[in-house]
Amino acid sequence: MFSIRTEKLAKSFGAVKALDGVSFDFSAGLIHGLIGSDGAGKTTTMRLLAGLLRPSSGNVTYHRDGEASSFAEFRPGLAYMPQQASLYPDLSVAEHLEFFRDLYRLGDDVFRRRSEELLGITRLGKFRDRRAGQLSGGMYKKLGLMCALLQSPSALLLDEPTNGVDPISRREFWELLYSQSGSGMLIIVSTAYMDEAERCARVHLLDAGRLLAAGEPRSLLRERGAAGFEEIFIKGAAR
């Protein structure tokens with residue numbers, strides 16, 4: 001089982017400090033929510049965890065079955081779904097799966113079993129010939145998730161996967177995540193939607209590059225005497 005920790009992680013872009021000494025503990029086998037408004041540092045965090053950026057200071061450590069692991073050893077089991085559109089509009093659903101099959105170098109038997117399983121749980125099976133550019137917003141996000149899950153990763157990073165998606169599609173997307181979480185996969189989801197925080201096993205509240213609080217959602221609300229996560233952010237901003 002995979003886990004990720006950071007210690008005093010900081011990242012600056014010129015004069016802009018995107019992250020300011022943040023320590024996270026993304027323990028194995030849970031759905032973690034990285035919660036915060038635009039500009040909180042969520043995407044920067046995701047890119048640092050995925051190895052796409054180097055920290056200005058601090059460090060990221062990767063663990064497998066409780067033992068420290070190098071990023072090179074960890075990377076094959078890591079899947080990342082970026083916030084911005086990353087699929088090819090002219091490729092169909094089926095063609096995307098075939099493309100990622102080749103990218104992940106999956107055998108025919110594994111690919112056939114895994115793709116049929118994912119097409120079933122996403123309910124995209126009857127749309128396998130539809131181009132990505134012709135999918136609805138919710139279906140597009142499901143296709144992105146399906147491509148990320150095709151290799152059966154041990155750690156999954158999803159950067160604002162439900163942003164701009166209608167409420168029904170958001171609910172279906174979370175149901176898909178729950179269907180995968182029982183396998184022991186580490187899932188980290190960033191979102192600006194406060195209601196999605198309570199869907200996570202553990203939340204990490206980011207504001208202006210700083211960690212306001214972290215913990216089990218209901219316990220955190222109770223400890224802070226807050227009715228909702230918006231209240232925690234308002235109190236934090238007032239300090």
Side-chain angles (χ1 to χ4, degrees), residues 1-13 16-37 39-83 148-149 151-161 177-178 180-192 196-221 223-224 229 232-233 236:
M1 298 178 72
F2 284 18
S3 61
I4 304 175
R5 298 189 185 99
T6 76
E7 184 177 0
K8 297 181 179 178
L9 191 64
K11 181 63 180 178
S12 296
F13 298 95
V16 178
K17 188 172 288 187
L19 283 180
D20 189 10
V22 182
S23 296
F24 294 111
D25 183 359
F26 297 114
S27 49
L30 300 176
I31 297 180
H32 293 260
L34 192 60
I35 316 296
S37 61
K42 301 188 301 298
T43 294
T44 299
T45 299
M46 287 292 198
R47 291 176 177 172
L48 286 165
L49 298 181
L52 301 176
L53 292 175
R54 292 183 179 275
S56 300
S57 61
N59 58 72
V60 181
T61 58
Y62 303 90
H63 303 264
R64 183 173 182 176
D65 297 328
E67 299 293 330
S69 171
S70 69
F71 182 70
E73 294 171 327
F74 191 93
R75 179 65 187 88
L78 174 68
Y80 171 57
M81 180 176 164
Q83 178 184 359
L149 289 172
Q151 63 163 325
S152 300
S154 297
L156 179 64
L157 309 181
L158 305 172
D159 191 11
E160 300 208 45
L177 292 187
Y178 291 144
Q180 301 299 308
S181 63
S183 64
M185 185 188 304
L186 167 64
I187 301 175
I188 305 174
V189 184
S190 71
T191 181
E196 291 188 336
E198 295 191 49
R199 296 178 180 270
C200 303
R202 187 174 174 84
V203 292
H204 311 261
L205 310 185
L206 266 182
D207 183 54
R210 292 179 176 272
L211 186 65
L212 287 183
E216 190 276 326
R218 291 184 182 179
S219 297
L220 191 56
L221 290 173
E223 291 167 5
R224 297 299 178 103
F229 287 96
I232 295 179
F233 277 100

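The two residues Ala192 and Ser37 come nearest to each other via the heavy atoms CB-CA, 4.4 Å. Nearest heavy-atom pair, Ala18 versus Thr44, reported as atom, atom and distance to 0.1 Å: CB-OG1, 3.7 Å. Smallest separation of non-hydrogen atoms from Pro161 and Ser190: CD-O, 3.5 Å. Minimum heavy-atom separation, Leu220 to Ala214: CD1-O, 4.0 Å. Between Met46 and Leu158, the closest heavy-atom pair is CE-O, 3.2 Å. Residues Arg224 and Leu212 approach most closely at NH2-O, 3.4 Å, considering heavy atoms.
Within the 4.5 Å cutoff, no side-chain heavy atoms of Phe24 are placed close to those of Val60. Two residues are said to be in side-chain contact when any heavy atoms from C-beta on lie closer than 4.5 Å; Leu221 and Ile232 meet this criterion. Contact annotation: the side chain of Leu211 approaches that of His204 to within less than 4.5 Å [non-hydrogen atoms, C-beta and beyond]. With contacts defined as side-chain heavy-atom distances shorter than 4.5 Å, the pair Leu205/Phe229 qualifies. Contact of the Leu149 side chain with the Met185 side chain is registered, since non-hydrogen atoms from C-beta on lie closer than 4.5 Å. At least one side-chain heavy atom of Phe13 sits less than 4.5 Å from a side-chain heavy atom of Leu53. Taking 4.5 Å as the limit, every side-chain heavy atom of Lys11 sits out of range of all side-chain heavy atoms of Pro55. Within the 4.5 Å cutoff, no side-chain heavy atoms of Phe2 are placed close to those of Leu78.
Remark: the backbone N or O of Val22 is paired with a side-chain donor or acceptor of Thr6 at under 3.5 angstrom. Between the side chain of Lys42 and the backbone N or O of Gly36, at least one donor-acceptor pair lies under 3.5 Å. The main-chain N or O of Ser12 is found under 3.5 Å from a side-chain atom of Ser56 such that the two form a donor-acceptor pair. Looking at Tyr62, its side chain does come within 3.5 Å of a backbone N or O of Leu49 through a donor-acceptor pair. The backbone N or O of Gly51 sits nowhere less than 3.5 Å from a side-chain atom of Tyr80 that would complete a donor-acceptor pair. In this structure, Gln151 contributes its side chain and Pro153 its backbone to no donor-acceptor pair below 3.5 Å.
By the neighbour-count criterion of 12 heavy atoms within 6.0 Å, atom CZ of Arg202 is densely surrounded, having more than that number from other residues, nucleotides or ligands.
Applying the salt bridge (charged side-chain N to carboxylate O under 4.0 Å, His left out) test to Arg75 and every residue at least two apart in sequence or in another chain returns nothing.
Here the CG atom belonging to Leu186 is positioned 8.0 Å from the CG atom belonging to Leu30, to the nearest 0.5 angstrom. Separation of atoms CG (Leu157) and CG (Leu48) is listed at 11.0 Å; rounding is to 0.5 Å. Summarising the geometry, atom OG belonging to Ser154 is positioned 11.0 Å from atom CD1 belonging to Ile187; distances are rounded to the nearest 0.5 Å. Distance check, rounded to the nearest 0.5 Å: CZ of Arg5 to OG of Ser23 gives 11.5 Å. Taking NE2 from His63 and CG from Asp25, the interatomic distance works out to 8.0 Å, rounded to the nearest 0.5 Å. Rounding to the nearest 0.5 Å places CG of Leu19 at 12.0 Å from CZ of Arg47.
Here Arg64 does not pair with Glu73 in a salt bridge; the nearest charged N to carboxylate O distance is not below 4.0 Å.
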* Just do the side chain to side chain contact (heavy atoms under 4.5 Å, CB included) check on Thr191 and Ile35 with the steps written out, would you? => CA-CA 5 Å; Thr191 181; Ile35 316 296; 3.5 Å; yes

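The aromatic rings of His32 and Phe26 sit perpendicular to each other, their planes meeting at more than 60°, with 30° as the lower class boundary.
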